[in-house]
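First up is the structure itself, then whatever we jot down about it.
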Protein chains: 2
Amino acid sequence: MGLAKTEMFTDEQNKIALFAKAFGHPARVSILQHLFKIDSCVCGDLVNEIGLAQPTISQHLKELKHLGLIKGNVEGTSVCYCIDKENWTAMKALMNQFLDQDVSLNNDCC
Amino acid sequence: MGLAKTEMFTDEQNKIALFAKAFGHPARVSILQHLFKIDSCVCGDLVNEIGLAQPTISQHLKELKHLGLIKGNVEGTSVCYCIDKENWTAMKALMNQFLDQDVSLNNDCC
DNA sequence: CTTATTAATCGTAATATTGCAATGTACTAA
DNA sequence: TTAGTACATTGCAATATTACGATTAATAAG
């Protein structure tokens with residue numbers, strides 16, 4: 001089917017899945033890492049940095065923007081993208097809550 | 001195409017993407033949360049806990065096992081699944097490295 | 001206005017994912 | 001052996017994702 005049955009899960013679970021899906025492609029991981037590294041806005045450099053075609057990068061950027069993880073500003077003919085820090089921090093908190101479930105207390109049963 | 005061009009990305013980026021993809025479905029998030037909550041092994045309870053059919057759960061478990069995030073032991077007619085703590089910790093370190101990129105130093109350019 | 005540049009959008013092909021019915025396998029119990 | 005239980009596998013349909021060529025939209029420069 002390819003259609004996730006989101007209605008049977010909690011909002012939190014669905015939210016975690018949505019963010020995780022955004023990181024589920026190396027191109028988007030790469031884009032985000034680059035935006036962090038540059039520590040300022042990047043425009044079409046991403047197309048050169050990463051080896052994918054311009055429409056492909058544009059599509060990945062659109063997804064990240066839709067999730068609120070990045071912001072984009074038009075600047076002349078080019079567009080300036082950067083991390084949305086506030087939303088990134090909120091996302092990080094949610095992911096850490098999931099990743100940091102208590103591992104130490106488990107008894108080794110398997 | 002639906003085919004990620006993994007060869008143009010670093011091993012780290014691809015690894016992050018693979019783990020993230022595993023969390024990119026609420027059912028798998030739910031399965032993992034349940035395994036943590038139970039704090040011991042779980043067998044077929046997952047089918048009842050989550051509202052999906054048995055083959056579907058089995059498939060999600062297979063993916064998580066393939067990634068090394070969970071372990072499964074046969075126990076009589078049932079199978080006992082639990083978190084692979086060592087691999088989970090390693091995965092967590094990798095993800096945190098990605099999530100914890102320095103946000104504070106950025107200048108607000110967008 | 002014309003042309004160049006940059007990025008978004010459209011359309012489409014190739015591939016991946018999700019979900020489940022049907023079936024298979026392995027073990028247990030009677 | 002037979003029947004039952006628990007889980008895995010297979011096969012398939014529906015949908016999603018990825019990638020890119022072609023095109024469009026918007027701005028800038030001449």
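We name chains A, B, ... by the order of the sequence lines, and we start the count at 1 in each one.
Going from atom CD of A:E75 over to atom C1' of C:dA8 covers 17 Å, rounded to whole Å. A straight line from CD1 of A:I50 to C1' of D:dA19 spans 14 Å, rounded to a whole angstrom. For the pair B:L46 CG and D:dC7 P, the interatomic distance rounds to 9 Å; values are reported in whole Å. Atom CG in A:L67 sits about 11 Å away from atom P in D:dT17, given to the nearest Å. Going from atom NE2 of B:H66 over to atom P of C:dT17 covers 11 Å, rounded to whole Å. Taking atom NE2 of residue B:H60 and atom C1' of nucleotide D:dA8, one finds them 15 Å apart after rounding to whole Å. Nucleotide D:dA8 holds its P atom 7 Å from the CG atom of B:L61, rounded to whole Å. In this structure, A:E63 atom CD and C:dT9 atom C1' are separated by 14 Å, rounded to whole Å.
B:F19 has its ring centre no less than 6.0 Å from the ring centre of B:W88.
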Give each protein N/O atom lying under 3.5 Å from an N/O atom of nucleotides 20-22 of chain D, with the pair distance.
| unit_1 | atom_1 | unit_2 | atom_2 | d |
| --- | --- | --- | --- | --- |
| D:dC20 | OP1 | B:K5 | NZ | 2.5 |
| D:dC20 | OP2 | A:A53 | N | 3.1 |
| D:dC20 | OP2 | A:T56 | OG1 | 3.1 |
| D:dC20 | N4 | A:Q59 | OE1 | 3.4 |

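The phosphate of D:dT27 has neither OP1 nor OP2 within less than 4.0 Å of any side-chain N or O from A:T77. Note on B:Y81: every side-chain N or O is 4.0 Å or more away from OP1 and OP2 of D:dA6.
The side-chain heavy atoms of B:Y81 and B:I31, taken from C-beta on, include no pair separated by under 4.5 Å. Counting heavy atoms from C-beta on, the side chains of B:I70 and B:D84 never come closer than 4.5 Å.
As judged by a 4.0 angstrom heavy-atom cut-off over every strand, A:K65 is placed among residues making no nucleic acid contact.
Both B:T6 and B:I57 lie near DNA chain D, and the one whose nearest nucleotide falls closer to the 5' end is B:I57.
A:Q33 and B:E12 share a donor-acceptor pair across their side chains, judged by distance under 3.5 Å alone.
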